[in-house]
Amino acid sequence: MNKTILIFKHEFLLATKRTGYIILTLAVPVLALLAIGIAQLITTLSKSPENKIVYIGYVDDLGLVDEAVDEGFAGFIPYTSKENANQALASKDISTYIMIPDDYLSSGTIQRFTLEKENTTSPTMVGLIKRFLSRNLLKDKISPEVLNLVVSPLNLEVTRVTAQGEQAIEQKSFANVFIPGVFSLLLSLALMFGTITLVSSLGEEKESRLIEVLFSSVSLRQLLVGKLLALGLAGLLQVLVWLISAPLLLLLASNLFGGLLSVIEIPNNFIFLGLLYFILGYLLFAVLSIGVGAITPTAREGGQLSMFYVMLGFVPLWFSSLLFAFPNGTFSVVLTLFPATAPVQNMLRLGLTDIPLWQILVSIGLLILSIALGLYFSIRVFRIYMLMHGKRPGLRTIIQHIKSA
């Protein structure tokens, strides 16, 4: 046990002191805090010292307006002539003004005057002027309640139905995929980092023949347990930092944007499943890395060979557009259950829909079964090839040696 602890300490310190590990662990919370700080600074600098409304002048040749009514943050000021309006515009008493000609009802044309160089009027300004005119055109023709409905923005609710006309199961807001999506990407990187570190460690020890010295003083079990626990704990620390910082960063960002991000809901089981799927995903890739590290003669070749299964962790991200469109489709369910894609796929899918409990349980069961089988065969391969050097054996040779071992 003491030897296992020594190996654990050595591998853990070696992994956590790597520059890439430190950058990857701190990059997300630090960059997020930096982005929030910059946004806060820009908001503060761009904020007016007073909550002044925009003043818009108007010259009413038609006699349409009896009494000006402010529209939101815009105040409308009447002028008797174009000359008076120009003077107010030049002295910046108003930001712009409009002319309501006496033939407006027949021509439908409104002239707008401004000091700014503008090719087109902004949609916001168009909306303010249109509501102002609509309110005055209809004030004596319809009730105030109907008038408010006409000039107010449309409040449109959407309900999705199935082909049979029944109400479909509601999907979560698209904004909810933000946190799980970012975490899924980071989870893929963490699994890749842990896998490459383990393969490189085994390859370097084999390449330098240090493995022969290690085996003279420690057992196979002590060596592998120490390495797996050390690299697993290093990866788990990364995941914990990201999971704990996500709600805090979301709260800060939400306060900055006036509660805009408060609509994002983090699933209740997000942290638990995030930790569970990282542990299972790491163990799956780790047992595969044990076999890869045993059969490859160099650390470089081991890293290249490990990419074949490491890249499977990024498949859900590559097909994320398909997942967004069909979160409960057949392809999404297949990725949910397939062991190599399950960790990332399930975390990404949590932000879009409620995953049926049976799919979560089956995916966890398949991961555990894959880990057990992978560990059995990887240890056998490790015993056979770890002390061998030279050309990497082919798949047929490996199978023959396993059968005869």
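No hydrogens, no waters, no symmetry mates; every other heavy atom, side chains included, goes into these values. Since we're looking at a predicted model, the values are computed, not measured.
Proximity of Q345 to F338: side-chain heavy atoms (C-beta onward) are nowhere separated by under 4.5 Å. Between T114 and T121 the shortest side-chain heavy-atom distance does not fall below 4.5 Å. Considering only heavy atoms from C-beta on, F12 stays 4.5 Å or farther from K17 through its side chain.
The CG atom of L323 sits 9.0 Å away from atom CG of N328, with the distance rounded to the nearest 0.5 Å. Going from atom CG of L13 over to atom CZ of R18 covers 12.0 Å, rounded to the nearest 0.5 Å. With values rounded to the nearest 0.5 angstrom, I371 atom CD1 is found 11.0 Å from L366 atom CG. To the nearest 0.5 Å, atom CG of residue L350 and atom CG of residue L273 are 6.0 Å apart. Between the CG atom of L128 and the OG atom of S122 there is a distance of 8.0 Å, given to the nearest 0.5 Å.
Y376 pairs by the ring pair (Phe, Tyr, Trp, His ring centres under 6.0 Å) definition with nothing, not counting sequence neighbours. Considering only residues two or more places apart in sequence or on other chains, L62 meets the side chain to side chain contact (heavy atoms under 4.5 Å, CB included) condition with D60, L64, I100, Y104, L105. Partners of Y282 by ring pair (Phe, Tyr, Trp, His ring centres under 6.0 Å), not counting sequence neighbours: none found. A search for side chain to side chain donor-acceptor pair (under 3.5 Å) contacts involving T80 returns N84, not counting sequence neighbours. With sequence neighbours excluded, the residues satisfying side chain to side chain donor-acceptor pair (under 3.5 Å) with T25 are Q238. With sequence neighbours excluded, no residue forms a ring pair (Phe, Tyr, Trp, His ring centres under 6.0 Å) with F278. F272 is linked by a ring pair (Phe, Tyr, Trp, His ring centres under 6.0 Å) to nothing, counting only residues two or more places apart in sequence or in another chain. Shown here are the side chain to side chain contact (heavy atoms under 4.5 Å, CB included) partners of V146, two or more places apart in sequence or in another chain: I142, S143, V150. For I129, the side chain to side chain contact (heavy atoms under 4.5 Å, CB included) partners are I98, R112, M125, L133, not counting sequence neighbours. Applying the side chain to side chain donor-acceptor pair (under 3.5 Å) test to D61 and every residue at least two apart in sequence or in another chain returns nothing.
A donor-acceptor contact shorter than 3.5 Å links the side chain of N346 to the backbone of T336. At least one donor-acceptor pair under 3.5 Å links the side chain of S332 to the backbone N or O of F326. Listed for the S134 side chain is no donor-acceptor partner under 3.5 Å among the backbone atoms of R131. Side-chain atoms of T341 come within 3.5 Å of backbone N or O of L335 as a donor-acceptor pair.
Judged purely by distance below 3.5 Å, without hydrogens or angles, the side chains of T96 and Y55 never pair a donor atom with an acceptor atom. Y97 and N86 form a side-chain donor-acceptor contact under 3.5 Å, judged by distance and modelled atom types alone.
Between Y58 and F132, the angle of the ring planes lies from 30° to 60°, which puts this pair in the tilted group.
Legend: salt bridge (Lys or Arg N to Asp or Glu O under 4.0 Å) pairs involving residues 84-97, not counting sequence neighbours: none detected. Sorted by first and then second residue, the side chain to side chain donor-acceptor pair (under 3.5 Å) pairs involving residues 355-369 (not counting sequence neighbours) are Y277-S363, R349-Q359.
Under the side chain to side chain contact (heavy atoms under 4.5 Å, CB included) rule, I368 has a single partner from L284, L283, L280, which is L280.
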